[in-house]
Structure formats: C-alpha cells, structure tokens
Q: 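This is the structure I have questions about; it appears just below.
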Amino acid sequence: MDPRTRALGRAHEHALSWFASLGERPVPPAATADEVADRLGRALPDDPCTPADVVDLLAEACEAGLTAMPSGRFYGMVIGGTEPAALAADWLVSAWDQNNGLRGLTPATAAVEEVAATWLLDLLGLPADAGVGFPTSATTANLTCLLAARDSILREAGWDAAANGLAGAPGLRVLMGAEGHESVRYALRYLGLGAPETVPADRQGRLDPDALVGALRPGEPTIVVLQAGNVHSGAFDPFGPAIAAAQAAGAWVHVDGAFGLFAAASARLRHLTDGFEEADSWTTDAHKTLNVPYDCGIAIVRSAEALRAVTGKTGAYLVLGEVGEPCDRVPELSRRARGVPVWAVLRSLGRSGVADLVDGFCRHATAFAEGIRRLPGAEVLNDVVYTQVCVAFGDDERTQAITRAVLEDGTAWMSGSRWQGRAALRVSVSNWATTSDDVRRALGALAHAVETA
Ligand SMILES: *Cc1c(COP(=O)(O)O)cnc(C)c1O
C-alpha cells in the first residue's frame with residue numbers, strides 16, 4: 001500500500017471511532033489545550049514519520065481534548081453539525097485539491113458552486129441574478145457585503161473609495177439594532193467604518209422600526225444592518241417596515257442572517273423573514289443551520305455588479321471570463337472549493353429535507369422550552385420562535401451555578417451568557433443529529449443540575 005492510501009485508511013478509522021464515541025462520551029473535553037500540546041510534543045522532531053503514523057499520533061494526542069460538538073447534545077453558541085453527504089463531499093474537496101478561483105482552470109468545482117448558489121437563491125426566495133460568494137464565515141460574509149455596501153453608497157455620493165480610499169470621503173453612517181451581532185462590529189472595524197450607531201430594540205431584541213425612522217437622515221450616505229436570528233432569542237427584525245423606511249431614505253440595507261436566513265426555506269417559518277427579500281445584501285453561514293463543515297459563510301448581494309466591483313480580481317496571469325469567476329465573489333484569491341459541501345447537503349436533503357431540518361431544530365427548541373418551564377425556579381426569557389431558548393433560574397448566582405453544574409455533568413453542553421442585564425443559560429439547537437431522545441437526556445441532566453446546584 002502506498003503511504004497516501006495507508007494514511008487515509010487510518011484517518012477513516014479514527015473518524016469512525018470518533019463518531020462511535022459520541023453516543024456516550026461526555027460532551028465537554030477531558031483535557032486542556034496545554035495537556036494536548038504536551039502530548040503532541042513541544043519540540044520539532046528532527047526525523048520524519050510515516051503519514052499513517054502521523055495520523056495515529058495526532059488522533060491519540062487529540063482524543064481527550066475534543067469537544068463532542070457533532071453530538072446531538074451540544075447546544076452551545078450556534079454551532080451547526082455536519083450532515084453526512086456534506087462531510088463526505090468535504091473529504092473529496094481536500095482530495096481533489098482544486099484552487100477554486102477560475103472557471104477555466106477548475107471547471108468542476110466552479111460549476112458545483114454555481115449550481116449551489118442558484119439552488120440557495122431559489123430555496124431562500126432571493127433574486128435569481130444576485131451575486132453569491134463563499135467566504136469563510138458569516139463574519140467575512142458580513143465584511144464582503146458591507147464592503148459592497150460601503151463602496152456603492154459612497155459612489156452614489158460621488159466618491160470612488162476603490163481609487164481614493166476613505167480619507168476625505170463623505171461621512172457614512174451605519175445604523176444597527178441594539179442587539180445586532182458582535183461580528184458586524186468586527187466587519188465594520190475591518191472596513192474602517194468605526195462603530196455603528198445603535199437603534200433601540202424591543203424585549204426580544206428586535207430593532208424598533210419607529211426608532212429607525214427617527215434615526216434616519218434622508219439623503220445622508222447610510223447603511224442599515226438588520227438581523228435574521230438573534231443569538232439569545234432567535235428573534236427576527238421587522239424587515240417589512242424597517243427596509244421600507246431605510247430604502248425611502250436612500251440607505252443600503254444589509255441582513256445578517258448567519259443562522260436565521262434558512263427560516264425562509266421552511267413554509268412554517270418563512271413568515272419570520274417576511275419582507276427580507278427587499279434588502280440589498282444578505283449574509284448567512286452554511287456551517288450553522290445548513291450543517292456543512294467549517295468553514296463556510298455565504299455572501300449574497302442583490303447587484304452582482306456591486307459585489308464584483310469590490311471583490312473582482314485582476315492580474316496578468318489570471319484568465320478572467322465574462323460571466324465572473326469564483327475568485328471574483330470573495331475577498332480571497334486562492335481558496336478551497338467550500339461551496340461543494342453546500343451543493344452536497346442541498347442535493348442530499350432536497351427542498352423538503354432542508355425545510356424538515358430547520359423545522360426539526362425549532363421543534364426541539366420548543367420541547368426544550370416546555371421541559372424547562374416545568375423545572376423549579378426556571379424562567380424562559382424569550383418567545384421561542386426559532387431555534388434558541390434563553391433561561392434564567394432566579395438570580396444571576398443561581399443561574400451561573402446551574403450552568404456550571406450542567407457542564408460538570410457532561411451529558412449536554414449549554415452556554416452561559418448575559419442577556420438584557422441578566423445571567424442566562426442558552427440552548428441552541430442546530431445539528432441534524434439531535435433527536436427527541438437527546439432532548440430528553442439533556443432535560444434530565446438540566447433537572448439534575450437544578451436539584452443539586
Ligand atoms: C454566528 C453569527 C455570526 C458570526 O458567524 P461566524 O461564522 O462565526 O463568523 C454573525 N451573526 C450572527 C447573527 C451569528 O449568529
């Protein structure tokens with residue numbers, strides 16, 4: 001056997017034993033990063049090692065330091081899972097090793113991404129001719145969309161930012177709901193736009209459209225950032241009135257829907273996104289609700305031309321075609337074909353399967369909320385409209401003690417957080433692998449933590 005075949009065989013075996021361990025292993029890791037680093041060896045060895053042995057060393061050193069994120073009982077952050085077809089397709093992406101930048105050079109993976117983009121726009125009910133790029137994350141997708149927004153709005157104000165930069169440019173306001181995601185702030189920082197002005201939000205974290213009307217100054221260059229899916233409540237901003245007001249004032253409207261945009265793929269949940277299709281750009285993650293492996297964000301811009309104007313590439317050695325190249329839609333030049341697992345999960349689930357996936361997350365979240373309401377002292381803080389449940393148990397100290405007890409128990413992972421001035425325990429359901437039995441086991445662990453904390 002050649003070294004590559006042996007190494008891939010070992011990797012396959014380690015992957016299968018990892019999956020086999022997920023049913024019963026505690027969800028939190030058993031080793032710290034320092035302990036794993038010690039096991040890996042701190043000094044660079046002089047001698048080589050066969051690829052198969054490297055895979056064994058790596059798997060053995062890492063085993064105890066792995067968090068069971070692919071388990072059906074991981075409910076921290078908004079993590080997603082990896083649907084089997086998407087995982088297998090991702091392995092092929094590594095084996096194919098295509099630098100997915102140019103249609104002429106990497107026609108297969110360029111085509112897969114083009115089909116995936118068309119399917120996504122159809123599934124979400126967004127304009128069929130929008131520009132779609134696959135950057136690494138929602139943060140970089142927000143960056144990409146807001147870059148298109150910045151340069152388009154400044155161009156309308158008579159300023160060419162691509163040629164002249166930002167020094168001396170007309171003032172550009174960015175308005176965002178008070179509970180907009182932190183990553184939008186990072187993107188604005190990277191773009192030299194400073195911190196956004198915040199617009200008040202209601203008890204569920206939804207931007208107040210009347211407050212937005214009051215904050216807008218028609219005629220001033222403005223970007224308005226709305227949100228589909230608040231990480232604490234799961235709530236969606238009121239897109240209809242907010243977008244109408246913003247666009248009447250001449251603003252560009254961007255929607256950050258890192259995990260919420262896929263509500264539009266479900267007939268039952270689509271009402272949450274009503275009116276969102278009128279925006280100018282949208283961000284989502286495929287590695288969250290759509291359950292592809294890390295890292296895969298999606299940047300969608302209504303005007304494909306506006307996207308290409310900011311991320312389009314030039315270069316003597318690039319043979320660029322008329323229809324636009326994979327590298328024209330993202331900030332990166334060289335990159336893996338990360339849209340391929342997106343195609344795979346969409347082909348695996350089909351339109352109905354994506355709807356069932358998202359509906360299932362929501363059903364499990366509702367079951368969590370019902371179970372939690374029966375626990376002594378528990379208060380569900382949000383209206384559970386989507387995949388998120390936010391809970392407090394009396395005062396902050398008690399909520400934090402229960403959060404610690406759940407993590408120590410290890411049956412499930414739920415994150416501690418702060419929301420609207422209170423300590424909270426957050427449950428986020430976003431993995432295809434979660435079953436009703438997982439929810440029952442996790443609720444049992446939480447009940448135990450409430451008894452013992
Ligand atoms: C997770 C999240 C982001 C950031 O996504 P990354 O892929 O981690 O960069 C942005 N906005 C919202 C609403 C999110 O939930």
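Atoms within each ligand, like the ligands themselves, are counted from 1 in listed order.
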Q: Does H287 reach ligand 1, in the sense of a heavy atom lying below 4.0 Å from it?
A: yes
Q: So how far is it from T82 OG1 to D90 CG, rounded to the nearest 0.5 Å?
A: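 If I round to the nearest 0.5 Å, the distance is 8.0 Å.
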Q: Are side-chain N/O atoms of Q388 and S233 paired as donor and acceptor at under 3.5 Å?
A: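 Result is no, nothing qualifies.
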Q: Is R347 atom CZ crowded by more than 12 heavy atoms from other residues, nucleotides or ligands, each under 6.0 Å away?
A: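 No, because the 6.0 Å sphere around CZ of R347 holds 12 heavy atoms or fewer from other groups.
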Q: Which residue and non-hydrogen atom of the protein lie closest to atom 5 (O) of ligand 1, and at what distance in Å?
A: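 Nearest protein contact, heavy atoms only, for atom 5 (O) of ligand 1 is A138 CB, 3.1 Å.
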Q: G229 heavy atoms, cut-off 4.0 Å: which ligand 1 atoms fall inside?
A: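 Those of ligand 1 that fall under 4.0 Å from G229 are 13 (C).
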Q: Any idea which atoms of ligand 1 are less than 4.0 Å away from a heavy-atom of S137?
A: 6 (P), 7 (O), 9 (O)
Q: Let me know which of T283, L143, T140, N142 forms a side chain to side chain contact (heavy atoms under 4.5 Å, CB included) with S183.
A: N142
Q: Show me which atoms of ligand 1 lie under 4.0 Å from any heavy atom of V231.
A: 15 (O)
Q: What atoms of ligand 1 come within less than 4.0 Å of a heavy atom belonging to A258?
A: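 Heavy-atom distances to A258 below 4.0 Å select 2 (C), 3 (C), 10 (C), 11 (N), 12 (C), 13 (C), 14 (C), 15 (O).
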Q: Against heavy atoms of F259, which atoms of ligand 1 measure under 4.0 Å?
A: 15 (O)
Q: Does a donor on one side chain sit under 3.5 Å from an acceptor on the other, for S281 and W252?
A: yes
Q: Suppose we measure from atom 9 (O) of ligand 1 to each protein heavy atom; which comes out shortest, and what is that distance?
A: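 Checked against all protein heavy atoms, atom 9 (O) of ligand 1 sits closest to T139 OG1, 2.5 Å.
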Q: Working to the nearest 0.5 Å, report the span between SG of C145 and CD1 of I223.
A: 11.0 Å
Q: Would F361 and Y386 count as a close aromatic pair, with their ring centres under 6.0 Å?
A: no
Q: Measure the distance from atom 14 (C) of ligand 1 to every protein heavy atom, then report the residue, atom name and distance (to 0.1 Å) of the closest one.
A: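 Going by distance alone, atom 14 (C) of ligand 1 is nearest to K288 NZ, 2.9 Å.
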Q: Just by distance, no angles: are the side chains of D437 and T435 close enough, under 3.5 Å, to form a donor-acceptor pair?
A: no
Q: Could a heavy atom of G297 be found less than 4.0 Å from some atom of ligand 1?
A: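 No; G297 lies far enough from ligand 1 that no heavy-atom distance drops under 4.0 Å.
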Q: Considering only protein heavy atoms, which is closest to atom 7 (O) of ligand 1, and at what distance to one decimal place?
A: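 Looking only at protein heavy atoms, the one closest to atom 7 (O) of ligand 1 is D285 OD2, 2.7 Å.
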Q: Just by distance, no angles: are the side chains of E179 and N230 close enough, under 3.5 Å, to form a donor-acceptor pair?
A: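 Short answer, yes.
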Q: Give me the residue, atom name and distance of the protein heavy atom closest to atom 11 (N) of ligand 1.
A: D256 OD2, 2.7 Å
Q: Looking at atom 10 (C) of ligand 1, what's its closest protein heavy atom, distance included?
A: S183 OG, 2.9 Å
